[in-house]
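Following: one structure in structure tokens, then a few remarks.
Each chain gets a letter, A, B and so on, in the order its sequence line appears, and its residues count up from 1.
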2 protein chains.
Amino acid sequence: MNTEPSWDLFRTFAIVLREGSLSGAARVLGMTQPSVTRHIDALEAAVGGKLFVRSQRGLSPTDRGLALRTHAESLVATSAALLRAASGAEDVSGTVRVTASEVVGAEHLPPILADLRRAHPALAIELVLSNAVSDLLQRQADIAVRMVEPAQQALVARKVGAVTLGFHAHRDYLAARGVPTTANDLLTQDLIGVDTETPAVRAVMSRMPGLTREAFALRTDSDLAQLAAIKAGYGIGVCQVEIARRDPNLVRVTPDLFSFDLPLWVVMHEDLRGVARCRAVFDALAEGLGRVGGG
Amino acid sequence: MNTEPSWDLFRTFAIVLREGSLSGAARVLGMTQPSVTRHIDALEAAVGGKLFVRSQRGLSPTDRGLALRTHAESLVATSAALLRAASGAEDVSGTVRVTASEVVGAEHLPPILADLRRAHPALAIELVLSNAVSDLLQRQADIAVRMVEPAQQALVARKVGAVTLGFHAHRDYLAARGVPTTANDLLTQDLIGVDTETPAVRAVMSRMPGLTREAFALRTDSDLAQLAAIKAGYGIGVCQVEIARRDPNLVRVTPDLFSFDLPLWVVMHEDLRGVARCRAVFDALAEGLGRVGGG
DNA sequence: CGGTGTTCATCTATTTACGTATAGATGGCC
DNA sequence: GGCCATCTATACGTAAATAGATGAACACCG
């Protein structure tokens, strides 16, 4: 009861929770199913209560087991980050996890990362695209590209410019439907917008009177899908002017009515400043995104 | 190289880093020194580089070893939090870690926690007093009492009132030196203030013209030491009016010149809402601090 | 200058944990 | 309804990690 259980039990627990079965976890972990069973039994004995209900087609967590999920996932992320940080600190090789929004990751980062890869062939990049501002302190990533100023200490942050959001449409769509010039014009068009209203989205939408969720002819939370819909001539939607400028078929509409600037920040752990490969990725992102945002 | 090392190696590494010797770590971990040696050797082999330089009076970390410190500490904190969360979720027993500022922890919390302990004899409290806003997401504590509104999601937060800061002094001091009434009066008095200027402190000090670091006759970053100095009649310093009111010898001076309100927040992990003992501590803190702050 | 208490490194016996093999049980499918 | 796939539970031999004991190097101190 008093002696702390092996930390390997935590890892096994985390994987069992994710896989939903002892056998599946064993495959992932490179162990055998009896060993996984022993680990779970030992952990349950250590905490003094059942963590799973066993059935013949897998395990499902009890409430108590479910309560430990985020802890276990945090351990997985942190240990992975530790191993990343530990490998080859002096030369630019190994793996760096970068997180960014979907649009930035799909539109801005690829050429930057391609150059980086060419300069450092031993460098591997893991790119996590998510609009959720995943917390660097939870070690889910080494470097983040964000659209908001980071609040936490212990982070190295550099503002590398800004991107501008504006309404855009395909020239073919505009040729068929006419070019809107007023706010009322916009409301008669096929608008592409968001599905769920986050506080940030609501702040932007409040600038355009009459613009409600019902006004959208296509609602999706995927920014990439919105961009694709704009390029396909579905209607008028919001995207970065820097991206639209690259496609000669895209035209910005009502630039005077709607224009929204978002800052671009590159953020990294303070601890990783001494790790050459992280420093290299950080600098490359700052330099490359600085060109994009004209900062 | 390819297979992930045992997580126990991380734990051993963290303790060796903290203790500074293989033998010391072995004592803490309840293992033998050869086992600790083997763990460190295995971890160094896994990451492909030395983490410590050995000497006959202990181990000192290399740069690479130091770079992993925060990761290792995070793992220690998280695994401890996992074990805490795992033990006895249904009844109010076990351990809850609470973090608060020094003054709040020393002046406001003790009676609240004493009542709590009386109500739940099987409940143990770990109290971490620190002015550093330790991040709940890093699992260094289960519940935090803060003076700023928490920004993160995934947290249960309740504003339970506010405390007011004001200048105070001992009546004996004022009898000898006179009672200041103007800002200029204050500058001729023996003032008790901070040593290092944080942004928050600077914001407060900018409200009082002429009040610079040099004006302080006693400079300390310990709020408790400041309070003790005020009570000892050293001079005039800032403390919470709610605390000063309890001591009949303390008198508030120039209340019209300087008065600063700080909100009181009780913050907890979302995950811990289902854990009875955390819920009990949260509610007790919210109720008890609500009486203090009159919120 | 020599005793004492550290430290880490090395060797060996033992305990512990693991993998292999197998049985029992359930759900899907022809 | 019988067959196959998948899952968990159990028993047993083996491999690996651990504890214990010992030696050598260094610092502290009288």
Under 3.5 Å donor-acceptor, [X] side chain and [Y] backbone:
X: A/T99; Y: A/V128; answer: yes
X: A/R64; Y: A/K50; answer: no
X: B/D195; Y: B/D221; answer: no
X: A/R277; Y: A/S93; answer: yes

Nucleotide [N], atom [atom2] - distance to [atom1] of [X] in whole Å:
X: A/L22; N: D/dT8; atom1: CG; atom2: P; answer: 4 Å
X: A/L9; N: C/dC18; atom1: CG; atom2: P; answer: 9 Å
X: B/D8; N: D/dT18; atom1: CG; atom2: C1'; answer: 12 Å
X: A/R11; N: C/dC18; atom1: CZ; atom2: C1'; answer: 14 Å
X: B/D41; N: D/dA16; atom1: CG; atom2: P; answer: 17 Å
X: B/F52; N: C/dA9; atom1: CZ; atom2: P; answer: 12 Å
X: B/L59; N: C/dT6; atom1: CG; atom2: C1'; answer: 14 Å
X: A/L29; N: C/dA17; atom1: CG; atom2: P; answer: 17 Å

Within the pair [X] and [N], is there a side-chain N or O less than 4.0 Å away from OP1 or OP2?
X: A/R27; N: D/dT6; answer: no
X: A/R54; N: D/dC7; answer: no
X: B/H39; N: D/dA17; answer: no

Rounded to the nearest 0.5 Å, how far apart are CD of B/E4 and CG of A/L29? 8.5 Å
Just checking A/S23: base, sugar-phosphate only, or nothing, at a heavy-atom cut-off of under 4.0 Å?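 Base contact.
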For nucleotides 19-24 of chain D, print each protein N/O atom paired with a nucleotide N/O atom at under 3.5 Å, atom names and distance only.
residue	atom	partner	partner atom	Å
D/dA19	OP2	B/T32	N	3.1
D/dA19	OP2	B/T32	OG1	2.9
D/dA19	OP2	B/S35	OG	2.7

Do A/R139 and A/H269 have a side chain donor and acceptor closer than 3.5 Å?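 Present: a donor and an acceptor within the cut-off.
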ring-ring contact (aromatic ring centres under 6.0 Å, His included) with B/F216: which residues, sequence neighbours excluded? none
